[in-house]
Amino acid sequence: MESEKQLMSLINAARVLTSTLDLDKVLHQLMQEVVRVIEGANSGILFIYDENRNKLVVKSGIGFDLEYLQKIALDVHEGMTGKTFSTKKGQIFRHMRDTTRAMENIQSENQSLFNKAVGAHQYPVSTICAPLLSKEGCIGVLTIDSFSEEVYFNSRDLLLLETFAAQATIAIENASLFAHQERSERIHSEMAAASLSHTGMKGINTTLSRLVQKETCVYNEHLEITASSSDEAENRGNGLRVHQEDELKDIMYNLQGISARHEADGAAFYLFPIQTDTITIGILVVFAKELDTLDQLAIDLGCSLFAREMMGQERIRTDLYNYEGYLLEQLFDQRIDMFSLPQRSLVGISEKSRFLCINLLISNDFLPFHELNRKRQVFNRLLYREVKHSHDKVLILDRNMEYDLLVIINDSRSEGAILEEFIRFFKDFNEKVQELMTFVFHAGLGRVFGQISEIQSSHRDAKRCAQYIRSRNNDEIIFSYKDLGIYRLFLKHERDELQEFVHDMIGPLLAYDEKHDSELFKTLKTYIECNQNMTSTAKASYVHLNTIKYRLQNIRDLLGKDSMEGKRIFELQMAIYMKEYLASS
């Protein structure tokens, strides 16, 4: 009859197993059948391993006060259950001395909760524990207790318990598989709905945060928060931007940047790059200690939607910038008369407007094409962003490795103040660029002009300045046409022509210095700068006055007796300037 009873319990358990996917109901029925069929059993607990907490927690129980029982969380080696879990083998604790010894490492908090759940301060007289074994390992423990001094469990009881443990494992895996599939479908469905709802970054982020049940926020390419799941998430995101700036920039400006777990001030978070095919355009932050595979699925979908949304916004901005660039190109072609009133309004031109042309040259000639292309995209986006915050309206024409800018000025600032402002602007801009990547550019500023018909002249001056400063091969990145001084005259001539003039004027002097290691050229330059005063020249050169007289006589002998008079002295000064210009470029 006992065998019949056990067989019927197993049949009943199997029937429940296939009748519902409600895991709590299945496990409760299994527990009832176990306690009913194993003779002398008073109570039972089913523990499940919580991977995130690395604890064994109560999933179901019978014969205890569940209010206290469900608060118990055992370490993986704690008590009879912990020993069974860590060894992955069924355990029999036949006598009170066995259960007492096995419970010696129970933590005080768990001890107190167990006593309250039992209703008395006592350990079971006899206990059997069976591990729940799956392909991945041990996922929990089924524990049966007897508090009767007349009952001592044996190996036959353990064998029967292991049969029920196998059924419990199947139930848990089935429910987990169903829940996984159901959640996966819900993730796809809700993320698709968020994408179609036209609620933008905020709506997508809110849906993602709800699906993963974690706080999230999103940075754009400039590390500005564009969406957050709550005020708390936004505050934490602002804190990360201050304290984890290096990590954020490393992900933002490294195309190979991958998601990674980080910790700051004891709080864990994940950073996920939001990428296009070529560059990273944002970062998703998920504040969490651990993420499961379905969290990762939702995050991957979210990052794809964020990228699409950001690129959509970028396309709108790019279309506007391209249109403004098209209008600027028309201005360079002197087609202002073709502008409609809306176009003039968009450009910002009025009768009182003044203008300034700026030319930028990209100078990264030795970079591989793919790296240059990626860096130029970052540079391009940063340039448009910074220019947008300028005091003046600025049109940009992107010519791939060159940019033409037209500044439209509608106030009374002086030309000097305007030029100084943009020199400072590009120096600050260069610092921001270099913080992100090694990238070289040179900027030339033309003259401020009042009539749009003068645009070609100012544009030409800006290009000459950019080319001049690039040719000097030093650390300067910006130069204005006004600061060129007399050098602006030389920019309009071919280098060979300038070299020829220098040779005609002071060639013998330079040849003599090179042959005799003398300083006649330097003396001539100082003499002219000192208004042809020999005493001042001697002091500036730190030599005796007679030395200067001797050198000047040599210069006259080499260049001609009339070389130090009238028009000839002016020509010599021009030749000196030309030589310095050629040397600097």
Derivation and outcome, side chain to side chain contact (heavy atoms under 4.5 Å, CB included), residues L271 and L248: CA-CA 8 Å; L271 300 177; L248 293 172; 4.0 Å; yes
E402 and K463: CA distance, side-chain angles, deciding distance, side chain to side chain contact (heavy atoms under 4.5 Å, CB included) verdict: CA-CA 10 Å; E402 181 179 359; K463 286 177 69 71; 2.5 Å; yes
Any donor-acceptor N or O pair under 3.5 Å, side chains S457, R447: yes
I299 vs Y270 side-chain heavy atoms within contact, under 4.5 Å: no
Trace of the salt bridge (Lys or Arg N to Asp or Glu O under 4.0 Å) decision for D461 with K482: CA-CA 9 Å; D461 295 343; K482 188 174 183 180; over 6 Å; no
Residue pair T438, K375: steps toward the side chain to side chain contact (heavy atoms under 4.5 Å, CB included) verdict: CA-CA 9 Å; T438 301; K375 287 188 173 183; 4.3 Å; yes
S304 side chain vs D300 backbone, donor-acceptor pair below 3.5 Å: yes
Mutual orientation of the aromatic rings belonging to H262 and F269 [parallel < 30°, tilted 30-60°, perpendicular > 60°]: parallel
Those residues that, when tested against E435, pass side chain to side chain contact (heavy atoms under 4.5 Å, CB included) (two or more places apart): K249
Flag for Y321-D398: side-chain donor and acceptor within less than 3.5 Å: no
Side-chain (E415) to main-chain (V448) donor-acceptor, under 3.5 angstrom: yes
Separation of I204 CD1 from L284 CG (nearest 0.5 Å): 11.0 Å
side-chain contact (heavy atoms from CB on, under 4.5 Å) partner of S353, chosen from N410, I409, D392: N410
Residues in side chain to side chain contact (heavy atoms under 4.5 Å, CB included) contact with H391, at least two apart in sequence or another chain: D411, R413, E421
Flag for Y527-N533: side-chain donor and acceptor within less than 3.5 Å: no
Sub-4.5 Å side-chain heavy-atom contact between Y384 and R317: no
Pair N238-R241, side-chain donor/acceptor within less than 3.5 Å: yes
Backbone N/O of V212 and side chain of K214: donor-acceptor pair under 3.5 Å: yes
Heavy-atom side-chain proximity of N205 to S229 below 4.5 angstrom: yes
Chi angles and distances behind the side chain to side chain contact (heavy atoms under 4.5 Å, CB included) call for H389, R385: CA-CA 7 Å; H389 296 143; R385 173 182 182 267; 4.2 Å; yes
Test item: R464 side-chain N/O and G444 main-chain N/O as donor-acceptor pair under 3.5 Å: no
Within-4.5 Å side-chain heavy-atom neighbours: L360 and F426: yes
Validation row, ring centre F441 to ring centre F429 under 6.0 Å: yes
Residue list, side chain to side chain contact (heavy atoms under 4.5 Å, CB included) with R53, at least two apart or on another chain: D50, K55, V57, A73
Check: R376 side chain, M401 main-chain N or O, donor-acceptor pair, under 3.5 Å: no
N220 and T226: side chain donor to acceptor below 3.5 Å: no
Main-chain N/O of E185 paired with S189 side-chain donor or acceptor, under 3.5 Å: no
Non-hydrogen side-chain atoms of S480 and F422 separated by less than 4.5 Å: no
